[in-house]
Amino acid sequence: MKKSFFFLITCCVVLTVAKAQVDIIQNIDARTIQNLDGRWHYIIDPYETGNNSFYKNMEQQFKSDLIEYDFAESPTLNVPGDWNSQNDQLLFYEGTVWYEHDLNVSLQQGKKYFLYFKAANYEAVVYVNGQKAGEHKGGFTPFQFNVTMLLHDGNNFVVVKVNNTRRKGSVPTENFDWWNYGGITGDVVLAVMPQIYISDYKIQLSKRDNKNINGFVQLEGHQPGQKITVRIPEANIRTTIVTNDSGYAVINIPAKNLHYWSPKHPILYDVFIESANDTVKEKIGFRTIETKGKDILLNGKSIFLRGICMHDEDPFIPGRPRNIAECRMMLLWAKELNCNFIRMAHYPHNESEARLSDSLGILLWEEVPVYWSIDWENPSTYDIAQQQLSELVARDKNRSSVIIWSIGNETPATDAREKFMEKLADHAHSLDNTRLVSAALLGHINNDTFHLDDRLGKKLDVVSFNEYIGWYVGLPNEMSKYKFKIDYDKPIIITETGGGALAGFHGDEATRFSEEFQKTIYKNQVKLFADIDGLRGTTPWILVDFRSPKRLNPAYQDYWNRKGLISETGQKKKAFYVLKAFYNEMEKKYSDK
Ligand code: GCU
């Protein structure tokens with residue numbers, strides 16, 4: 001008796017699929033929502049004068065009243081949109097900006113209301129009708145607040161204090177090589193939910209078993225014994241599962257006739273999740289991703305990741321993408337390069353890009369901004385890093401395009417960092433066992449040998465590193481002397497390489513910032529790639545020139561990092577065609593199946 005009881009317990013534990021402790025409504029755009037995007041009033045408040053008053057949004061009642069702000073008379077900014085690209089005074093601004101927006105709501109009995117933000121950089125404090133709804137730190141992931149008790153039937157107002165000041169203890173910290181775009185950079189919606197609703201779900205193929213769909217559905221509110229139906233009509237799949245005491249139900253469905261998702265065949269299925277009072281329609285592709293020795297297998301077959309790095313910035317109107325067209329433009333540039341893989345650097349990108357990549361057939365590396373040296377020994381720094389990772393995984397865990405979670409970039413190998421990063425790697429693995437975990441590591445050069453022996457590699461499924469031979473190390477015409485020594489029997493991805501060039505500036509291969517200098521680096525990098533045993537992917541730095549407050553050479557840079565293969569005006573540089581030719585070769589060798 002005792003033995004079989006223990007076995008039962010174990011079963012329950014094993015069957016439970018990991019769930020990030022993050023309360024965001026999955027697939028918000030498929031819900032009943034009131035979109036609050038548009039023009040929001042704003043007040044620039046460098047001295048935080050408004051902390052104890054602006055959230056009340058007071059208006060002058062009597063002519064003697066002293067009120068030293070007035071949202072209604074204040075200018076407006078677009079939401080979603082960073083403030084830097086909308087007002088020249090704010091191009092370099094780092095500090096507090098207050099936003100205000102009026103909204104009319106006809107309250108429905110028995111409904112729950114959530115104010116949902118897709119992203120706001122960096123800290124956001126949210127008030128509804130003068131009452132605090134909540135606050136959030138982290139500039140790139142979604143957050144929501146239950147505002148059911150704060151709303152009035154009819155006119156309401158929302159005030160949001162956003163601050164993008166760089167701080168030692170934040171993630172990223174004070175020093176980074178991209179523009180610190182501030183503001184409400186993602187859509188804002190008011191979600192109208194039934195009392196008991198489907199708050200979260202994960203529906204993916206089991207790791208290493210492409211004949212089984214595994215996952216969970218979470219109902220908001222502890223509703224035991226609730227029936228939930230999961231239907232995938234095109235695959236002739238229909239199953240009914242029942243929630244446990246905490247409203248959680250495990251999915252475990254045999255799936256015999258699925259067409260697997262791949263870059264060549266980005267097949268997405270309509271998936272319906274139905275409970276007594278709620279239904280969500282989702283689009284999901286089914287594929288497996290795993291490593292085997294030094295190989296990466298997609299749907300059980302070896303694949304070469306023909307990649308490129310990308311920042312989340314529209315170069316034409318420099319700023320965070322405001323709409324799906326801007327996101328699509330960047331992804332199509334990568335397709336033009338014959339990429340099947342993109343490294344979304346160095347922070348979670350606009351959610352649309354992962355959904356678009358599902359349908360365009362692009363594999364993704366997604367990353368949290370644990371970048372360079374952060375405050376490793378500060379517990380709240382670890383908490384915010386882990387929170388951002390949990391929020392990212394919660395948001396994109398149903399995306400077939402996403403194959404790798406990255407826990408950071410170029411973090412120096414110290415004991416404190418290792419403790420921090422090992423914990424974060426374990427957290428990533430605990431959140432999602434269907435994908436790979438990695439980080440962009442640093443190596444060191446000894447006697448013309450690039451050596452990678454970073455201890456963090458032991459915690460990662462794929463060992464990835466950045467190397468700038470020919471740009472930061474040596475010159476283009478002396479690259480052939482370099483060798484690589486990688487201390488791991490794992491698949492390898494070169495997550496950054498390359499060099500800068502000002503589009504249209506020409507010279508010989510020794511002229512820095514000329515297209516010829518960059519082209520030569522790429523030609524020689526491609527040769528070096530051939531010598532690296534276990535190289536399963538490359539994501540050179542970077543698809544398109546991007547804004548950086550660290551790039552100050554007036555002639556060649558002028559606040560742009562020029563390592564793009566495409567300029568900020570959309571001009572393709574010579575090196576673009578070198579990498580494209582290499583990827584055409586690699587596609588012949590390892591087709592995407
Ligand atoms: C670093 C870093 C990037 C940076 C790039 C560069 O490796 O990861 O964020 O922009 O190199 O120097 O251009």
Side-chain angles (χ1 to χ4, degrees), residues 121 139-140 166 170-181 307-313 315 318 320 330 342-349 365-374 385 404 406-413 417 421 438-445 450 452 454 456 460 463-476 492-503 512-515 517-518 521-522 525 528 537-553 556-568 573 575-576 579:
N121 190 44
F140 308 98
R166 288 168 290 119
S170 58
V171 176
T173 181
E174 291 149 319
N175 185 19
F176 47 85
D177 190 26
W178 65 82
W179 210 265
N180 185 24
Y181 291 113
I308 193 78
C309 287
M310 191 174 112
H311 263 298
D312 202 15
E313 181 185 73
R320 298 280 174 237
M330 306 282 283
I342 296 177
R343 176 186 174 206
M344 300 290 201
H346 291 291
Y347 39 78
H349 284 209
W365 159 302
E366 294 199 327
E367 186 162 298
V368 286
V370 176
Y371 179 94
W372 289 348
S373 295
I374 66 168
I404 301 178
S406 165
I407 58 171
N409 178 70
E410 294 192 352
T411 51
R417 166 262 192 183
M421 293 300 272
S438 191
L441 305 175
L442 285 169
H444 44 93
I445 299 250
F450 178 97
L452 186 89
D454 186 327
L456 180 60
L460 307 176
V463 165
S464 312
F465 60 86
N466 301 350
E467 55 87 1
Y468 281 94
I469 294 169
W471 182 259
Y472 292 127
V473 177
L475 289 170
I492 293 165
I493 298 178
I494 294 186
T495 31
E496 285 183 39
T497 186
L502 178 63
R512 180 87 59 172
F513 286 110
S514 69
E515 288 199 33
F517 192 102
Q518 186 190 44
I521 289 177
Y522 272 79
Q525 280 289 350
L528 289 177
T538 53
T539 57
W541 191 259
I542 185 165
L543 179 65
V544 61
D545 291 355
F546 62 95
R547 269 240 175 98
S548 167
K550 295 173 66 66
R551 307 295 166 172
L552 310 173
N553 177 312
Y556 300 118
Q557 297 175 313
D558 188 24
Y559 294 101
W560 289 89
N561 183 312
R562 296 285 182 203
K563 295 193 182 71
L565 294 175
I566 301 173
S567 75
E568 80 280 15
K573 304 176 192 178
F576 178 99
L579 188 64

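Source: prediction; values computed, not measured. When a ligand or atom number is given, it counts from 1 through the structure's own listing order.
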| Between Ser548 and Asp177, is any side-chain donor less than 3.5 angstrom from a side-chain acceptor? | yes
| field | Side chains of Met310 and Met344 in contact at under 4.5 Å (non-hydrogen atoms) | value | yes
| query | Going by the order shown, which atoms of ligand 1 are within less than 4.0 Å of some heavy atom of Tyr468? | reply | 5 (C), 7 (O), 11 (O)
| message | Could you work out, with salt bridge (charged side-chain N to carboxylate O under 4.0 Å, His left out) as the rule, every residue matching Arg547, not counting sequence neighbours? | response | none
| Side chain, backbone, both or neither: His311 near ligand 1, heavy atoms under 4.0 Å | neither
| note | The atoms of ligand 1 lying under 4.0 Å from a heavy atom of Asn409, numbered in the order shown, are 2 (C), 8 (O)
| query | What residue and atom, counting heavy atoms only, is the protein's closest point to atom 7 (O) of ligand 1, and at what distance? | reply | Glu410 OE2, 2.4 Å
| request: Determine the sole option in Trp560, Tyr559, Tyr371, Phe546 for which the ring pair (Phe, Tyr, Trp, His ring centres under 6.0 Å) test with Trp178 is passed. | output: Tyr371
| query | Taking only heavy atoms of Asn561, which atoms of ligand 1 are found under 4.0 Å from at least one of them? | reply | 6 (C), 10 (O), 13 (O)
| request: Report the residues that fulfil salt bridge (charged side-chain N to carboxylate O under 4.0 Å, His left out) with Glu410, sequence neighbours left out, ordered by chain and then residue number. | output: none
| remark: So the atoms of ligand 1 within less than 4.0 Å of a heavy atom of His346 turn out to be 3 (C), 8 (O), 9 (O)
| message | With a heavy-atom distance limit of 4.0 Å, tell me whether Trp541 approaches ligand 1 through its side chain, its backbone, both, or neither. | response | side chain
| Just wondering, do Thr539 and Trp365 contact through their side chains at under 4.5 Å, heavy atoms? | no
| said: So Trp541 and Tyr468, do their side chains get closer than 4.5 Å, heavy atoms only? | reply: yes
| field | Shortest protein contact, atom 13 (O) of ligand 1 (heavy atom only) | value | Lys563 NZ, 2.6 Å
| Identity and distance of the protein heavy atom lying nearest atom 10 (O) of ligand 1 | Asp177 OD2, 2.5 Å
| Pick from Lys573, Lys563, Gln557: which one makes a side-chain hydrogen bond (donor to acceptor under 3.5 Å, both in side chains) with Asp545? | Lys573
| Any luck finding a side-chain donor-acceptor pair between Arg417 and Thr411 under 3.5 Å? | yes
| What is the nearest protein non-hydrogen atom to atom 12 (O) of ligand 1, stated with its residue, atom name and distance? | Tyr472 OH, 2.5 Å
| Tyr371 near ligand 1 by a heavy-atom separation under 4.0 Å | yes
| Any Glu467 heavy atom less than 4.0 Å to ligand 1 | no
| request: Considering the heavy atoms of Phe546, write down every atom of ligand 1 situated less than 4.0 Å from one of them. | output: 10 (O)
| request: Please verify whether a non-hydrogen atom of Trp178 lies at under 4.0 Å from ligand 1. | output: no
| note | atom 11 (O) of ligand 1: closest protein heavy atom, distance to 0.1 Å, is Glu496 OE1, 3.2 Å
| Counting distance only, does the side-chain N/O of Arg562 pair as donor-acceptor with the main-chain N or O of Gly500 below 3.5 Å? | no
